[in-house]
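Please read the structure below before turning to the comments.
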Amino acid sequence: DLAGGFACQPREGMGCGDHPCSWSFDGLRQRRWCLSSSPYGDRWRTGDVLGCLLDLDLMELSFSLNGRDLGTAFRAIQGDGFYPCASLNVGQALRFNFGHAPFLHPP
């Protein structure tokens with residue numbers, strides 16, 4: 001639990017988006033999650049580049065897929081601090097880029 005917020009609990013089935021202080025996009029199922037889910041975005045495929053943009057002025061979270069803006073996923077988000085999170089399944093892998101390398105699709 002980070003600063004009273006979200007912490008994954010995989011044995012209980014709690015991953016990213018399963019807590020009120022956690023927001024996520026599942027490109028396989030094309031849904032956004034924060035306690036419950038709703039349709040959002042495009043289906044991702046192997047090799048795709050997912051972007052995540054947190055607007056701290058508007059308190060909004062949006063995603064992009066291969067440089068194409070998927071639109072605002074969440075509005076009026078609240079929190080004392082924000083941390084990256086990823087839930088993976090068997091055989092899945094990812095690579096985070098927090099700016100240490102050039103972005104393939106800059107915001």
Side-chain angles (χ1 to χ4, degrees):
D1 190 324
L2 297 171
F6 166 75
C8 287
Q9 297 173 350
R11 292 177 195 245
E12 289 80 32
M14 183 172 276
C16 299
D18 293 327
H19 186 278
C21 292
S22 173
W23 306 270
S24 70
F25 165 51
D26 182 336
L28 182 63
R29 295 185 277 184
Q30 295 174 260
R31 300 188 76 76
R32 59 184 166 195
W33 294 81
C34 181
L35 289 178
S36 62
S37 71
S38 60
Y40 176 80
D42 296 330
R43 187 176 178 105
W44 59 39
R45 292 170 177 72
T46 300
D48 281 348
V49 175
L50 179 67
C52 180
L53 178 64
L54 173 62
D55 186 323
L56 293 173
D57 293 323
L58 297 176
M59 298 307 286
E60 294 180 345
L61 183 64
S62 60
F63 297 91
S64 65
L65 189 61
N66 298 318
R68 192 173 77 71
D69 183 8
L70 300 177
T72 302
F74 302 99
R75 289 183 166 79
I77 61 173
Q78 297 181 11
D80 295 328
F82 299 95
Y83 306 90
C85 173
S87 296
L88 302 177
N89 208 333
V90 174
Q92 295 179 328
L94 63 81
R95 191 174 20 199
F96 283 105
N97 180 354
F98 297 110
H100 62 277
F103 291 114
L104 292 176
H105 305 285

So, the side chain of [X] versus the backbone of [Y]: is there a donor-acceptor pair under 3.5 Å, distance only?
X	Y	answer
R32	A73	yes
E60	R75	no
N66	V49	yes
R43	L28	yes

Between [atom1] of [X] and [atom2] of [Y], what distance do you get to the nearest 0.5 Å?
X	Y	atom1	atom2	answer
S64	L53	OG	CG	8.0 Å
L61	T72	CG	OG1	9.0 Å
C52	F96	SG	CZ	9.5 Å
R29	S37	CZ	OG	7.5 Å

Indicate the ring-plane relationship of Y40 and F63, choosing parallel, tilted or perpendicular according to the 30° and 60° boundaries.
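Y40 vs F63 ring planes: perpendicular.
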Taking the six-membered ring for Trp, are W23 and F82 parallel (under 30°), tilted (30 to 60°) or perpendicular (over 60°)?
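W23 and F82: tilted rings.
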Closest approach of G99 and N97, non-hydrogen atoms and distance?
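The pair with the smallest heavy-atom distance is N-OD1, 2.7 Å.
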Tell me whether the count of non-hydrogen atoms from other residues, nucleotides or ligands lying under 6.0 Å of CD in Q92 goes above 12.
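For Q92, atom CD is crowded (more than 12 foreign heavy atoms under 6.0 Å).
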Same cluster (ILVMFWY, side-chain, under 4.5 Å), F25 and M59
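Shared cluster, yes.
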Hydrophobic cluster membership, L54 vs L70, 4.5 Å side-chain cutoff
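Yes; L70 is reachable from L54 via cluster members.
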Is it true that D48 and R45 have a side-chain N and a carboxylate O under 4.0 angstrom from each other?
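Answer for the salt bridge query: no.
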Sub-4.5 Å side-chain heavy-atom contact between R31 and W33
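The answer is yes, as the side chains (C-beta and beyond) meet within the 4.5 Å cut-off.
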Would you say the side chain of D55 lies within less than 4.5 Å of the side chain of S62, judging by non-hydrogen atoms?
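Side chain of S62 against side chain of D55, heavy atoms only: no contact under 4.5 Å found.
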